[in-house]
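Chain identifiers are assigned alphabetically (A, B, ...) following the order of the sequence lines, protein sequences preceding nucleic acid strands; residue numbering begins at 1 within each chain.
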Amino acid sequence: KDSYSQSARISLDLENTSIEEVLNKIEEESEFRFFYNATINVDKKVSAKFENRSITVILDEILNEAGIDYKVIGRQITLFPSEPKTQTTFQQTSLSGKVTDSEGVPLPGVTVIFKGTTNGTVTNPDGQYTLSSIPENAILLFSFVGMKTQEIPVGNQTNINVVMQEDAIGIGEVVAIGYGTQKKADLTGAVANMKAEDLNIESNTNIVRALQGKIAGVEIVSTGGDPGNSSSVMIRGVGTFNNNTPLYIVDGMYMDNINFLNPNDIESIDVLKDASSAAIYGSRAANGVIIVTTKSGSDTSGTPTFTASANLGFQDATKKIDVLNADEWINISTISREAAGYSALDMALNPQADVDWQDELMRTGLMQNYNLSAQGGSKNFKYYVGGGYTNQDGIIINTDYERMNIQVKTEFKKGIVTIGENLLVSYEQTSPVTRSVTRAGGIVGAMLNSIPTYSIYNEDNDGGYNGPWGDAITWANPLGIINLQRAERENTKTYVNTYMMVDLPFNFQYKLNVNADLRGNYNYNFTPHYEMGLVSSAYNQMTESRGQTKNTLVENLLTFDKTFGDHKLTVLGGYTFQQSKYRLVSAGGSYMADGITVVDAATETNGGSNETVTALTSILGRVFYSYKNKYLLSATIRRDGSSKFLKNKRYGNFPSFSLGWNISEENFLKDFKPLYQLKLRAGYGVLGNQEVGNYLYSSDVTSNINYLIDGTTMWNGSFPKIFASPSIKWENTEMTNIGLDVAFFNNQLTGTVEYYVKNTTDILLNVPIPISTGAGNDPLKNAGQIRNKGLEIMAGWNDFVSEDLSYSLNFVASTVNNEVVKMGTGDQVIWSGTPNQSGANTTKSLQGYPIGGFWLIETDGLFQSQAEVDAHSKDGVLIQPNAKPGDIRFKDANGDGKINDDDRVYKGSPFPEFTLGFNGSVNWKNFDLSLGLQSSFGAKIYNSMRPDLEDVSKGTNYSSATLNAWSEDNTNTSFPRLIWGDPNQNARTDSDRFLESGDYLRITNLQFGYNIPQSIVPYFETARIYVNADNLYTFTNYSGFTPDVNSSSALERGVDRYSYPLPRTITIGVNVSF
Amino acid sequence: CESYLDQVNPNKITTETFFQTESDFTQALAATYTPLRNPNGGYYNVRSIEIRNYRGDDVVVRNDTEDQYQTYLFINSPNNDFVARLFEECYSAIYRANLLLEEIESSELSADFVNEVTGEALFLRGINYFILAKEFKDVPLRLTASQANEDFPLAKSSQAEVFAQVESDLTKASELLPVEALNQGRATKGAALAYLGKLYIYMENWDKAISTLEPLTKSPYNYSLVDDYAKNFDLETEYNSESIFEVTYEKVGAATGRWGEENSNTMMTNPINRIFACGDLGGWDICNCSPKMLDIFTSELDKDGDYDIRARAGLAWNYPGCIYYLQPFTEGVSSSNQSKIYVRKYTYANYFEKEIVPESELNVRAYRYANVLLFLAEAELNTNDKTKAIEYLNQIRDRANLSLLENSSTTDEVMADIIKQRAIEFFCEGERFYDLRRWGLLETEISNSSEERAANFQSKYSYFPIPSKEIQTNPLCTQAEGW
């Protein structure tokens, strides 16, 4: 073999030039010499544009069509006429060709064998192969990891060029790993990849929800169905008491969230789950990294591809909470009042109406989505342009969401330089449910608690709405509030990315990336004057604020990528600098004239502004090495410097390394045909978390602690009142990951198992300190240590039964075991999880237990008789002196004869023991059907709506559970007796009475589609209509709106407050491309 | 790029440049007063005024805001939010006073200025510890400002030890403070003595109470009862001759920040007015006068045969001629509410047709001269000087247009009248519950006020429990007895 012909690379840029001139040019540029005689026609005009290509690639392209064949011997190349292709009886003696991927890149290492034999070869680094001794009726098998195996009958061909197609499951496809991409086959870390087509974006205005139940180890729970609301994402458990949000990288840029994205613009989503893959993002990657890659242009030879889609959906509530109607409420409240010796409430004696407040406030919401895109390009220019519009009405009136997106991505290539840009503009407008109803719980709380016996309207009242009266809790009339008060939010975002790549000699490439991400938030709230009985607003008032964030990021990256025979080496080095500047301006005003909603018109005004600036500088590096695609090694390092810490705590190093072994490439397994892939991966890495507030280390003086003197004089006060946290440093997360990938039967059956241990230390903890210190705040300390251990399984099965029928099944399962290993001083605990209104905390985080575990006083049934009350005593003293038959017996766990905080015991974790996801699809002829299921088992939920709705000692509406309350005629029940004042504190919030199982199984998605044949719609390449149901049904015993609750704080994630009900969405839509 | 990482907080100045000039100390002093007026826990703003009054037998409370209602029903737990906030505001003032005292001592400012600041800081530390001992009995006694972890755990001191510290602080303060306030609303020598005298009353140290309070009745002090009782609750007569210490409220600040605390948008008003006002007239109708208390109010008519002026100025109920919010009671108040007895104090019932202004600008008279007189009466009676006691008591009766008490009245009769006059004079001013407690009458009076409350009441409810957070974070601090 001659190495020169294989290693020499030639670049040509000739257009409409004769072959002879091309050959001369090659002779000038290289050491090759051509030999040919007069029978060879070298006058044919050709175009020859090549960059760093091998001689065979170039000659194949320019000579084949001219009917010229060639032979390379050393540096000498002989040209001769091609064999006529009509010769059928000729027994071939040699066969050659080139194997490329779908983008025309030569594929080395592709196995080429004659079917039924072991004879064959592999393609060389240029993707070329040559075979001799061709058997009769030979069929060639082309196979390559991650690609579909192809069978091609040889027939009379002497040159078979093959374009390999990526496999449907695609372990060979390329995934984003941060500052670059990697072939899935080369991965050594835990990276999950989702292509856009695997996400049901049709009915999801928000891309995050589309990921629910699809990736093992990625838990996505709703934070309510408020239109435009996000879901919370946890990757591999909760590793900190602070911000658990993963790092979002959209086209290379750090983002706080990805709600603003149009799901239709998304090409793929990669989740870096383990430290060895995420460590390249260093100090911000402890919660995992979600990399979103948006669509790009591709070489379509200049002809664009257009797509258009539209859908229309209807949303409604999956559930109503069962509360009392007027008659039931009058009855129950009166029984309760009379039991305590009070007369019935005036609202029960003089009912005005029978209002179902849920019916009044909830509706079927309309949802619309429209998208257009154009995608295409040529060799030197690629583009993607996408535009989208989404409009969604919430299922509670006067709540809605609107989004407009435009994305423009272009890339220009000339010679060794590529320049491109990515422009993403979005506008979101929301009317959230946020309103002031005088009590914690908002509109949803008011909707459930409002007494049914008062009429909604009262013309005599300013504003026209009625309200509760008498000894009733002042839950404001929710319909009045949501109609009179206004709340608007606007988010605008402009993300601009410009980059330049230069191909340097010796396989180096330099990339300069300049990003600017400008974000504006606008908040507006308006309350007019109104009267609704006990609730009133005396005058028009408003607040508005505008925040602006300017994020800039500059990255300098140098990569080296080269294959030396069996060795493949990729090296990355980079320096990045990021700065984020935020400024908020706010204003408020009161007493504007009716109809005027600007602060300028207010007679009383206020205003303010503040600013934060943070900066992060980083050096990063990565080495990837593979030997024979069998042994893989990857190592990364990142050094971050952050402005959030004091000088001597500022820098952190975040290294990682991981190893992979493609066992299936070993000789002892190569012949085991059913096995397609078997890879063992193991990695270790260190990650950081710096998602804490700014300037926490600095000790500063708070101004405007003012006091009034002399009647009207403001005495300006200032004081260094904040307890500073000077010694804080990075949180540190170490993670070890072991994974095994298997694939059988040409990828028909695939599976991945991962096990990890994630230890987070130096967790920044707001360590509560005694109130008596005088601190108004709890300073931060690096005090906690949390361990998450988990097992994740993903399995898939694809079957192409026939041309008409195929199906696929995908299954994911994961478990996370969360434990606080150490906290603060060791015996420190953090209480959290207060119920809606007030009352005792329900969760406690402490050493040896999960974060936010429930610690509650155990209930032990009801007292059925006075004898039972009397028997519940200690040393002759009643443990519950105020109890009567029908009251709840609480367990005196510590046996001190009292029921108090010390009787709390551990009652369960807010974390599921395991979660399962299933996604299946069937294609039959032009029809397709897909189903998504998601479930969670073992989590506990504290339903904090129940202390409000089941406490019959207040003037609110009650849960229908009260109908089954204990009485002398109804003793076989768990619901305590009805008594106003609740002397036994049956409704105490610190008992396990309101703790429920959060187990559920949800039909997340069901979709039925039909691809309209081209014979009917000839103008379209594809046309599909579908019906989609999202969040179709949830099987659960949980009594709240939805069991996948998540409070924003890790310390109380299992506490369900009055969250906006999660809607069911039924969508019909059409997608076309042409 | 190191310089990029050197970010300083653009919103605040750092401590290094503070506590240098007189202006710095004056600002720090203002910030030490501020906890008294913070709406959610300040002792003289809405939430604490509520929980100071709700435990007495003189009000009935509607079940609307759980935390406050729990204190009324005697089912409050150590988790009660507003009790915790009261605790927090006191300690926040104490931390500031401690740091201020440390910094002023090491400063090189003029002796006059140092004395001025020291006097006010001691006054504030003294009254805040007095509040704590009064509400929680035994509490941690911190006399230095420390942000060091090792100083955080601290055991409780007994109420007697805390009282001793209050005595020391207020005594020193009274030596340093001026007779005339530097500004209206700031501490004076008279205020320090008045609180010190009250402390002695609570300690039942009658002699010291007399020697401390008696000077306030004469020169150089100019305290006197205002002729019209109602002037103690009016806008026009703030800082009057009867007012010894007063917390100022006015619509100064921002329109939207009435619940705001310690920021530039804080509205310097007090939302207490709506707590008491009738629901039909723009109030929240949360707290009314109890029928039992109305009986006390109406048990003696004045010399003209009218209801006691203090009933008419302090209450509105359905009696002939009752004007409430500038209209006859029965016109403004709907029929279902007409049986209620509304509290007029703290409201705008004399100014508007409705409680349309949601925040009150009425100053809270934290300490009135009437209290000095009734304390003196009580102290004299306990030191067996009945004549002097009647003399002081008659000043109160006289101002209320009641016939004067005869010198022939027995000690028990005088004491009974002191008890009654205190109930009437300071109705809803946060005195009754503590008076009943020190007189040993709490359990009796609660038991005849409401069956439900009586059933719940136990002696542990005489004081608030230490808030949960303190117990959970301060390993040396134990919960109060019985909790």
Side-chain angles (χ1 to χ4, degrees), chain A residues 340-341 346 469-471 473-474 533-534 536 538 541 543 577 588-590 604-606 608 610-611 613-615 617 641 643 650 695 698-701 704-705 707-712 714-720 723 768-774 776 829 831 837-840 954 981 983 985, chain B residues 1 4-5 7 9-15 18 27-28 30-31 33-34 62-64 66-67 79 81 87-88 91-92 94-96 140 142 147 152 183-186 238 248 250 252 254-257 262-265 268 279 282 284-285 336 356-358 451-452 455 467 469-470 472-474:
Chain A
D346 203 54
W469 70 92
D471 199 358
I473 297 280
T474 46
L534 295 166
S536 61
Q541 50 188 310
T543 57
F577 168 73
S590 305
E604 288 181 5
T605 60
N606 67 291
N610 61 66
E611 182 179 270
V613 183
T614 55
T617 59
S643 65
R650 184 174 285 166
Y695 317 119
S698 83
S699 172
D700 41 39
V701 178
N704 282 308
I705 312 177
Y707 195 70
L708 268 190
I709 43 171
D710 292 338
T712 54
M714 186 84 96
W715 184 10
N716 286 310
S718 298
F719 209 88
F723 278 43
I769 60 172
I771 307 174
S772 62
T773 56
V829 300
W831 288 95
Q837 300 309 333
S838 65
K954 294 181 292 190
Q985 293 187 61
Chain B
C1 285
Y4 287 113
L5 299 178
Q7 297 290 342
N9 191 340
N11 308 303
K12 293 177 176 177
I13 58 164
T14 60
T15 46
F18 199 67
Q27 289 189 44
Y33 275 91
T34 299
R62 185 170 70 83
N63 180 7
D64 187 56
E66 279 82 351
D67 289 275
N79 295 302
D81 208 20
F87 190 80
E88 181 178 332
Y91 276 109
S92 143
I94 288 164
Y95 173 79
R96 292 174 197 179
R142 291 181 195 270
Q147 295 199 3
F152 292 167
N183 303 90
Q184 288 174 319
R186 289 174 72 169
E238 293 175 335
T248 311
E250 194 74 22
V252 177
T256 49
E262 308 194 343
N263 63 57
S264 63
N265 288 333
M268 312 297 270
W284 293 328
D285 221 329
S336 66
I356 51 162
V357 185
E451 210 177 300
E452 193 183 2
K469 187 185 175 189
E470 183 71 16
Q472 286 161 5
T473 54
N474 182 350

Working to the nearest 0.5 Å, report the span between CD1 of A:I771 and OH of B:Y91.
9.5 Å

Rounded to the nearest 0.5 Å, how far apart are CD of B:Q184 and CG of A:D710?
5.5 Å

Side chain, backbone, both or neither: which part of B:Y33 has a non-hydrogen atom closer than 4.5 Å to chain A?
both

Just jot down the side-chain contact (heavy atoms from CB on, under 4.5 Å) partners of B:T473, sequence neighbours excluded, or say none.
A:P768, A:P770, B:K469

Heavy-atom pair of closest approach, residues A:F719 and B:A31
CB-CB, 3.8 Å

Within-4.5 Å side-chain heavy-atom neighbours: B:R62 and A:T474
yes

Report the residues that fulfil side-chain contact (heavy atoms from CB on, under 4.5 Å) with A:N704, sequence neighbours left out, ordered by chain and then residue number.
A:N706, A:N716, B:S264

Most heavy-atom pairs under 4.5 Å with chain B, out of A:G711, A:G608, A:G641, belong to A:G711

Check whether B:N63 gets within reach of chain A through its side chain, its backbone, both or neither, counting any heavy atom under 4.5 Å.
both

Under a 4.5 Å heavy-atom cut-off, does chain B meet the side chain of A:Y695, its backbone, both or neither?
side chain

So which part of B:A455 gets closer than 4.5 Å to some heavy atom of chain A, the side chain, the backbone, both or neither?
backbone

B:E452 portion near chain A, given a 4.5 angstrom heavy-atom threshold
side chain

Taking every non-hydrogen pair under 4.5 Å, which of B:A28, B:P140, B:G282 racks up the most with chain A?
B:A28

Quick check: are there more than 12 heavy atoms from other residues, nucleotides or ligands sitting under 6.0 Å from CD of B:E451?
no

Which atoms of A:D346 come close to chain B, meaning under 4.5 Å heavy atom to heavy atom: side chain ones, backbone ones, both, or neither?
side chain

Of all of A:G533, A:P983, A:S718, which one pairs up most often with chain B through heavy atoms under 4.5 Å apart?
A:S718

By a 4.5 Å heavy-atom criterion (distance strictly below it), what part of B:R142 contacts chain A: side chain, backbone, both, or neither?
side chain

For B:S336 and A:W469, which heavy atoms make the closest approach, and how far apart are they?
OG-CD1, 4.5 Å

Which distance, rounded to the nearest 0.5 Å, do you find between the CZ of A:F723 and the CZ of B:F152?
5.5 Å

Any side-chain heavy-atom pair of A:W715 and B:R186 under 4.5 Å:
yes

Find the distance between CG (A:L708) and CE (B:M268) and round it off to the nearest 0.5 Å.
4.0 Å

Are the side chains of B:Q27 and A:V701 in contact, using a 4.5 Å heavy-atom criterion?
no

Is it true that A:S772 and B:E470 share a donor-acceptor pair across their side chains at a distance under 3.5 Å?
yes

